[in-house]
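Below is one structure; the comments refer to it alone.
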Amino acid sequence: MQRFINNPEFIVDDLIKGYVKAYKGFIEKSANNDRVVKRKNSPETGKVGIVTGGGSGHEPAFLGYVGENMVDAVAVGEVFASPPAEAFYDAILEADSGEGVACLFGNYAGDNMNVKMAIQMAEEEGVNVKFVTAKDDIASSPKETRHRRHGIAGGVYMWKAGGAKAALGGTLDDVIAVAQKAADNTRSICVGLSSCTIPAAGTPNFEIEEGMMEIGIGHHGEPGIRVEKLKSAAEIAAMMTDALLDDFAFDREQNIAVLLSGLGSTPKMELYVLYDAIEEVLKKQNHRVEVVLIGDYATSLDMNGISLSLMKLDNELKELLAYPAKTSGLTIIRS
Amino acid sequence: MQRFINNPEFIVDDLIKGYVKAYKGFIEKSANNDRVVKRKNSPETGKVGIVTGGGSGHEPAFLGYVGENMVDAVAVGEVFASPPAEAFYDAILEADSGEGVACLFGNYAGDNMNVKMAIQMAEEEGVNVKFVTAKDDIASSPKETRHRRHGIAGGVYMWKAGGAKAALGGTLDDVIAVAQKAADNTRSICVGLSSCTIPAAGTPNFEIEEGMMEIGIGHHGEPGIRVEKLKSAAEIAAMMTDALLDDFAFDREQNIAVLLSGLGSTPKMELYVLYDAIEEVLKKQNHRVEVVLIGDYATSLDMNGISLSLMKLDNELKELLAYPAKTSGLTIIRS
Amino acid sequence: MRFSNKEGITVVHAIIEEIVSNRDYLSKVDAAVGDGDHGINMSKGFNMADKEIAGSDLNMNEGFLVISKTLISKIGGSMGPLYGNFFRGLSVASKEKEMIDSSVILEMLKKAYSNITLITDASEGDKTLIDVLSPAITAYKINYKNDHSLPDCLNEMMAKAKEGLENTKNMTAKVGRGSRLGDRTLGHQDAGATSCYLILKAFSSSITKIVNAES
Amino acid sequence: MRFSNKEGITVVHAIIEEIVSNRDYLSKVDAAVGDGDHGINMSKGFNMADKEIAGSDLNMNEGFLVISKTLISKIGGSMGPLYGNFFRGLSVASKEKEMIDSSVILEMLKKAYSNITLITDASEGDKTLIDVLSPAITAYKINYKNDHSLPDCLNEMMAKAKEGLENTKNMTAKVGRGSRLGDRTLGHQDAGATSCYLILKAFSSSITKIVNAES
Ligand SMILES: Nc1ncnc2c1ncn2[C@@H]1O[C@H](COP(=O)(O)OP(=O)(O)O)[C@@H](O)[C@H]1O
Ligand SMILES: Nc1ncnc2c1ncn2[C@@H]1O[C@H](COP(=O)(O)OP(=O)(O)O)[C@@H](O)[C@H]1O
Ligand SMILES: [Mg+2]
Ligand SMILES: [Mg+2]
Ligand SMILES: [Mg+2]
Ligand SMILES: [Mg+2]
């Protein structure tokens, strides 16, 4: 295992220590919980709080989206494990100014259980919490059981839209409504070319044979929907785009936001090679690409692979995505 | 070779096609040269032009720094090979508004030869060109032959400072002076944990044994200064920081900018684990960390490794680094 | 056949030891259809609880409460809330009891089970720990009603637990990470069911040991 | 012993073929102390030139000019400017000549060499193509002055070229990517010196073939 780590049992502590050091200008650890990272000036009077959280190993998700006009506080879990209920609870308290808190997370079984326990605890303290789960990964469950799908990189749109709405003075219901709209209109799919290794485990948690690719692989190495011979970047890009468009089943051309993320060890160069073909497919079907994000937005430790997310835009979502934001994972400058 | 590519011989064409598609809002290909990418509104009347260039495979360097208040035009080479003289020449023409052009590049043998040929050609056309080379990689040549050192991620500071100075209305000499100051005050070093594979070659161009690390590895897999047993992140971070501070040989505490870059396949999580220890070492010697950049800033295809760059700051450099900029590789928002 | 709540702390220790020593095995089982971290998650929580308990002089029900609180506040994942609620149930139902007999144990098992079902809607056949827990507890209940001895109740419980665990191999995962695998989970034993079996096994055999020593 | 500039196009073809067919070998040599792409860089440029030349009816000097222009405008790297200038020299010194003899060839080699030294300050012993080129051309010059036949001049040139190439194994790289390796470059042949040797070899043997056929 060729990795830059100290004791793998404490990797999340090391991550958080380094992270809050690097961004101490606008970020800090919660005084109440070592596994909660927050904006320095959260809670902000009059503003709805935005909370998220999830397992570590997906950096910049989740803590990388804490910052101006996005997320206010985040619960940080162990590698690939939901944060404890207590961490979600403390994150909610750190984000609440009295206007309520929107908890926007990824619909994994553990997160669901822990968030629900946390919400119950917070409500007992008189905090008004509502939640939205991202369910963009179309490979994680068939269309008939969409409610079981997991949230992956598409969550970035949910946090961006929800965070901007809150910054613009939206009520908790307003924020929940746009976050829900962002989640409902986003679909993602991954392709993996190699496994990933949980540092504490020390060996890859699955195998992809040389010359093969795993379509629909999950963000923790969960097996995908099928294993196929590795194809050209253009063919892979077209297959992924088609799969998402199929799931959307649009009846006419749309304004689209594209988010192409590496999964951890994917070279930047390849993302652009892929994007070239993705835009071609969208254009051929007369869709208009209005927003493009390419980089590492939600990763899976050292997995070699990519996720492609498409969001169907309306004017409100488009404006919210373009609203300025400053986090370590995404900075939007007024254009 | 588990990669997202089409025909490896045309990977640079694919990269450029995808890149200009993704950022068509502010980027375009030069009409005169397929290997030149430029800001849409370059040349800008009254502004000194900023040009850079280098081999591909280092994304986001170099084309990722084209944008508002940074680089105006870039010459794009084959994978790990200097762009042709003609590409530098055309980039210079695309950046010149009549105020002259600062060509800020990385001091590799090929770049030096091609830039010099290009400058000669440009001067024959009446364009005033001056240049600065980044020489931050302390492992690429001993202190006595510093003029031979290569430029790596430290170049980002040079482009940022030079680009901001030009945007603020600096003359060509002003821009060259701050770019030179940035270059003179920056030191970098890499540690590699795995090799990289040039797609057209198809096999790794060297080997690092499991359990070992290569200290001072070059950005194209050039062997480093020594191979050692892989240590903990904290030990590696301390060793790298110490090596840079040694080379600086400061006589008192300084204001420092830190840039920690993955080399291509390094998980984001590990960068923060490393940063924690880097800042510890700097603080112990009473240096003040004023600017922090952590992410993928200059990579080497799929190499697993990191580069650490430190810049000694003065007020001018600090202000220029903080000046707003918008590129795909680095966005600075007014704080 | 009964034992004191005080003596029962050895049951707590036995469970902790069982989980901690099966760390790698549980991760291996999880790797086949999950993300390979079940042993890491579990042993981390149980190790923390172990440290918390060490040195202090706790009753069994207090020991279970420490495990529960540690899992809920420090572990997260699915296991934090699920086993956190499970051990909370074992603790709550034995809290007021100075002596533990087969009837208290029935209440403990019932409460632990209902606490889990409160928080997940997984049911039998979904390839989870429920597939061990549910038949195991039913077996205990039946044997208890038939006035069988405590060791016999526990023995029968473990026979059904083992059967339940084996059965997960023939199930398609319906919840959790394995659910996306569909039929590809066939042939693989469920990780959560495995840890649940180990917990029940340590629970049963350590109790049997105490009561056999007493008699 | 002479041949027409027209016939000389076979020299151009021979050089292109030599480089293209040694693509993988040159990369392998470069991998030991460089970045392993020398064969890729070279063959890409020479292939492009080949396509440009194919079908058209060029003289030798025009063929060399195509190679030069392709390298300078399309290839980049170190090889673009270095060999671009080298082939420009071969072209310029043979441009006005209808017939090529040993004296024209001397001028060609001298011009090619001085063109390279204009753009690099690498000198003999730095472990570069200069270590092949410099002794090779000197040998040609000496044999020419001693009135040896063209094939003999070329033969002697290649003997020294071979020696120069071998000698790079005992040198520490002073320029280029290998320079950071210091003494670790010892024992490895230089990549640029290797391609330079191959170019000279194809140059010499194809010329020898033409003049032998004529006589
Ligand atoms: N919703 C659920 N209800 C009951 N058990 C579940 C549920 N989700 C997961 N499990 C159990 O959790 C086990 C996996 O646990 P673990 O690997 O620790 O967590 P994770 O799946 O988050 O990595 C599965 O084998 C299954 O038995
Ligand atoms: N400054 C220089 N002067 C002369 N030859 C050089 C110089 N730099 C490099 N070379 C030659 O170039 C060769 C490497 O070429 P190549 O691999 O194509 O380029 P790169 O080093 O850019 O990858 C070296 O073996 C050496 O002979
Ligand atoms: Mg997990
Ligand atoms: Mg090269
Ligand atoms: Mg698991
Ligand atoms: Mg090379």
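Every chain is numbered from 1 and lettered A, B, ... according to where its sequence line falls, protein lines coming before strand lines.
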The interface call for Val79(B) against chain A, heavy-atom contacts under 4.5 Å, is side chain
* **Check: Gln2(A) main-chain N/O paired with Asn304(B) side-chain donor or acceptor under 3.5 Å** => yes
Under 4.5 Å to a heavy atom of chain A? For Ile332(B) that would be backbone
Bottom line for Ser300(B): the part with an atom under 4.5 Å from chain A's heavy atoms is neither
| Does the side chain of Tyr23(A) reach to within under 4.5 Å of the side chain of Ile294(B), using non-hydrogen atoms? | yes
If one checks every heavy atom of Met212(B) against chain A at 4.5 Å, the contacting part turns out to be backbone
Distance col, row Asp302(B):CG vs Ser194(A):OG, nearest 0.5 angstrom, shows 10.5 Å
Highest number of heavy-atom pairs under 4.5 Å with chain A among Val258(B), Val292(B), Asp13(B), Thr331(B) belongs to Thr331(B)
Glu209(B) atom CD: more than 12 heavy-atom contacts under 6.0 Å: no
Using a strict 4.0 Å threshold on nitrogen-to-oxygen distance, state whether Lys24(A) and Glu279(B) make a salt bridge.
-> yes
### Query
Would you call Phe4(A) and Val273(B) a side-chain contact if the rule is heavy atoms closer than 4.5 Å?
no
In terms of heavy-atom pairs under 4.5 Å with chain A, the winner among Glu270(B), Glu59(B), His58(B), Met1(B) is Glu270(B)
The interface call for Ile306(B) against chain A, heavy-atom contacts under 4.5 Å, is both
In short, Asn6(B) meets Ala234(A) closest at the heavy-atom pair OD1-N, 2.9 Å
Honestly, the part of Ile236(B) sitting under 4.5 Å from a heavy atom of chain A is side chain
Side chains of Tyr275(B) and Asp14(A) in contact at under 4.5 Å (non-hydrogen atoms): no
Item to complete: Please tell me if the side chains of Arg3(B) and Pro267(A) come closer than 4.5 Å, counting only heavy atoms from C-beta onward.
Response: yes
One should read off an interatomic distance between Ser265(B) OG and Lys268(A) NZ, to the nearest 0.5 angstrom, of 9.5 Å
All heavy atoms of Ile333(B) vs all of Pro324(A), minimum pair found to be CD1-CB, 4.4 Å
Is there side-chain contact between Tyr272(A) and Ile16(B), with at least one heavy-atom pair below 4.5 Å? no
The reported gap from CE in Met269(A) to CG in Leu301(B) (rounded to nearest 0.5 angstrom) is 6.5 Å
message: If you count heavy atoms of other groups shown closer than 6.0 angstrom to NZ of Lys29(A), is the number above 12?
response: yes
Honestly, the part of Ala277(A) sitting under 4.5 Å from a heavy atom of chain B is neither
Whatever's closer than 4.5 Å to a heavy atom in chain A on Leu274(B) counts as side chain
Looking only at heavy atoms, the pair that brings Asp296(B) and Asp296(A) closest together is OD2-OD2, 3.9 Å
